[in-house]
Amino acid sequence: MYIGRAPSTSANLGSGFDVVAVAHDAYYAEAYASVGSGCGVHVKFKGYDPGPDNTVARAFRRLFETLGVCRYVEIVVENKIPVARGLGSSGAASVAAIAAFLEEAGLRVDPRVVVEAAGYGEAAAAGSPHYDNAAGAALGGAVVITSLSPLDLVKFSPRLTFVVGVPDVPPLKSKTKAMREVLPRAVEFSTYVRQIARVSALVSGLARSDPALVARGMADEVVEPARTKFVPAYDRARRYALEAGALGFCISGAGPSVLALVEERDADAVKEAIARAYAEEGIRAEVKVASTTE
Ligand code: HSE
């Protein structure tokens with residue numbers, strides 16, 4: 001049986017809210033699909049139960065709507081990506097499940113159709129669709145959403161090294177939705193211009209595989225300041241990571257995980273620094289070195 005597989009992702013990378021994501025080899029989601037006759041989607045999640053209206057079921061409904069077909073499919077998702085940690089677990093589960101289904105059903109579709117369906121499914125967890133995590137999980141590398149409607153995107157393949165800090169804290173209820181509700185409704189025009197410069201640095205850095213330029217784009221004065229108070233040990237982890245040589249630091253997706261961009265030679269020192277920050281605040285956490293993955 002074919003196993004659909006999709007990697008963890010970090011969306012936003014600071015200034016690229018909802019339009020930039022990187023795929024990394026920190027964790028993976030896997031899924032199996034059995035296709036039968038008739039019409040209907042049944043999804044089982046090994047180890048947790050997000051209920052019937054989950055991201056994967058919604059993604060399939062959207063996929064069938066877009067393709068104008070309905071098939072009977074049973075999906076089993078084995079998600080090794082920590083759930084509700086800002087690591088794209090739900091988008092990766094949908095992408096892995098759709099990949100397994102397409103293979104079993106002998107169908108080929110444009111990757112944008114998969115991203116659109118998986119991003120649409122994200123509304124089950126986030127309150128509204130967003131495509132960044134799903135795009136990273138489906139295409140790998142670094143993905144930039146260049147149009148939301150119709151959905152379009154560009155993929156780059158930078159070689160970047162990260163340290164991912166994943167705190168073991170109880171997730172907030174409807175975490176992504178809550179983290180989107182705290183965002184500012186408006187920004188000053190001068191802030192908007194500074195933010196465009198950062199996003200430009202981010203995208204240029206991803207295109208050129210230039211870590212210093214990516215790090216400049218990881219600064220953010222719109223989304224991240226509204227969220228840091230919900231991210232355990234954010235200030236200390238950021239300070240220690242930068243002191244240990246990290247080039248950039250940001251919240252991974254909607255948090256509570258954090259992401260440091262590092263030169264490979266500094267990865268262990270930054271990993272140790274972030275682990276120390278969590279330990280000093282009494283927070284259990286997994287801290288991993290990860291690389292961009294295809
Ligand atoms: N771009 C989304 C957000 C990612 O930050 O809300 C959610 O995982």
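Note that this is a predicted model, so its numbers are computed, not measured.
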Margin query: If we ignore hydrogens and angles and just use 3.5 Å, is the side chain of K175 paired with the main-chain N or O of P256 as donor and acceptor?
Written below: no
Item checked: Exercise: identify the closest heavy-atom pair between V270 and A246 -> CG2-N, 3.7 Å
Note to self: With clusters defined by side-chain heavy atoms of hydrophobic residues (ILVMFWY) lying less than 4.5 Å apart, directly or transitively, does V114 cluster with V35?
What the structure shows: yes
Item checked: Any side-chain heavy-atom pair of L259 and V163 under 4.5 Å -> no
Check: With the 4.5 Å side-chain cut-off for hydrophobic clustering, are L151 and F60 part of the same group?
Finding: no
Checklist line | Under 3.5 Å donor-acceptor, T55 side chain and E122 backbone | finding: no
Checklist line | R239, CZ atom: more than 12 neighbouring heavy atoms under 6.0 Å | finding: yes
Next item on the list: List the atom of G136, the atom of A23, and the distance in Å for their closest heavy-atom pair.
Entry: O-CB, 3.5 Å
Note to self: Does the Lys NZ or Arg CZ of K288 fall within the cation-pi geometry relative to Y27 - under 6.0 Å from the ring centre and within 45° of the axis?
What the structure shows: yes
Margin query: Between R180 and D18, does any NZ, NE, NH1 or NH2 come within less than 4.0 Å of an OD or OE carboxylate oxygen?
Written below: yes
Note to self: Surrounding CD of E264 (heavy atoms of other residues, nucleotides or ligands, distance under 6.0 Å), is the total greater than 12?
What the structure shows: no
Notebook entry, point to check: Donor-acceptor pair, T292 side chain versus P158 backbone, under 3.5 Å?
Noted result: yes
Check: How far does CD1 of I81 sit from OG of S8, to the nearest 0.5 angstrom?
Finding: 5.0 Å
Checklist line | T66 side chain vs R62 backbone, donor-acceptor pair below 3.5 Å | finding: yes
Note to self: Looking at R238, I'd like to know if its CZ atom is crowded, meaning that more than 12 non-hydrogen atoms belonging to other residues, nucleotides or ligands lie closer than 6.0 Å.
What the structure shows: yes
Notebook entry, point to check: Between F64 and R71, is there a cation-pi geometry (under 6.0 Å to ring centre, at most 45° from the normal)?
Noted result: no
Next item on the list: Start with the C-alpha gap between S157 and E294, add the side-chain angles, then the distance that decides, and say whether side-chain hydrogen bond (donor to acceptor under 3.5 Å, both in side chains) holds.
Entry: CA-CA 7 Å; S157 297; E294 293 297 305; 3.2 Å; yes
Item checked: Y72 atom OH, neighbour heavy-atom count above 12 within 6.0 Å -> yes
Notebook entry, point to check: Between A93 and A29, which heavy-atom pair has the shortest distance, and what is it?
Noted result: N-CB, 4.0 Å
Item checked: Atom of A137, atom of P7 and distance for their closest heavy-atom approach -> O-CD, 3.5 Å
Item checked: Flag if over 12 foreign heavy atoms under 6.0 Å of NZ, K155 -> yes
Margin query: If only side-chain N and O atoms count, and only distance matters, is there a donor-acceptor pair under 3.5 Å linking Y240 with E280?
Written below: yes
Check: Just by modelled atom types, is the L87 backbone N or O under 3.5 Å from a matching donor or acceptor in the S252 side chain?
Finding: no
Note to self: I need the D220 CG to L13 CG distance, nearest 0.5 Å.
What the structure shows: 10.5 Å
Item checked: Presence of salt bridge, E65 and R61, under 4.0 angstrom -> no
Next item on the list: Would you mind checking if D152 and R112 are paired as a salt bridge, meaning a charged N to carboxylate O distance below 4.0 Å?
Entry: yes
Next item on the list: Report yes or no: do V115 and L63 belong to one cluster of Ile/Leu/Val/Met/Phe/Trp/Tyr joined by side chain heavy-atom distances under 4.5 Å?
Entry: no
Note to self: Please check this pair: side chain of N54 against backbone of V56, looking for a donor-acceptor N/O pair closer than 3.5 Å.
What the structure shows: yes
Notebook entry, point to check: How long is the gap from CD on E188 to CZ on R194, to the nearest 0.5 Å?
Noted result: 9.0 Å
Check: If you round to the nearest 0.5 Å, how far is CG of L247 from CG of L213?
Finding: 11.5 Å
Margin query: Quick check on the hydrophobic clustering: are L102 and Y32 connected, directly or via other members, by side-chain heavy-atom contacts under 4.5 Å?
Written below: no
Margin query: Would you say H24 and T293 are linked by a side-chain donor-acceptor pair, where the criterion is simply a distance under 3.5 Å?
Written below: no
Item checked: Check: S291 main-chain N/O paired with D25 side-chain donor or acceptor under 3.5 Å -> yes
Check: Roughly how far apart are I145 CD1 and Y131 OH, rounded to 0.5 Å?
Finding: 9.0 Å
Notebook entry, point to check: In terms of heavy-atom contacts, does OH of Y120 have more than 12 from other residues, nucleotides or ligands at under 6.0 Å?
Noted result: no
Next item on the list: Could you tell me whether the side chain of T228 reaches within less than 4.5 Å of the side chain of F230, counting heavy atoms only?
Entry: no
Note to self: So, taking the atom named CZ in R227 and the one named CD1 in I251, what distance separates them when rounded to the nearest 0.5 Å?
What the structure shows: 6.5 Å
Check: Is any side-chain N of the basic residue among E221 and R198 closer than 4.0 Å to the acidic one's carboxylate O?
Finding: yes
Check: Transitively linked via ILVMFWY side-chain contacts under 4.5 Å: Y2 with Y28?
Finding: no
Note to self: Can you confirm whether or not the ring centre of F249 sits under 6.0 Å from the ring centre of Y234?
What the structure shows: yes
Next item on the list: Of all the heavy-atom pairs spanning M1 and S34, show the shortest one and how long it is.
Entry: CE-OG, 4.0 Å
Checklist line | Main-chain N/O of P167 paired to R85 side chain as donor or acceptor, under 3.5 Å | finding: yes
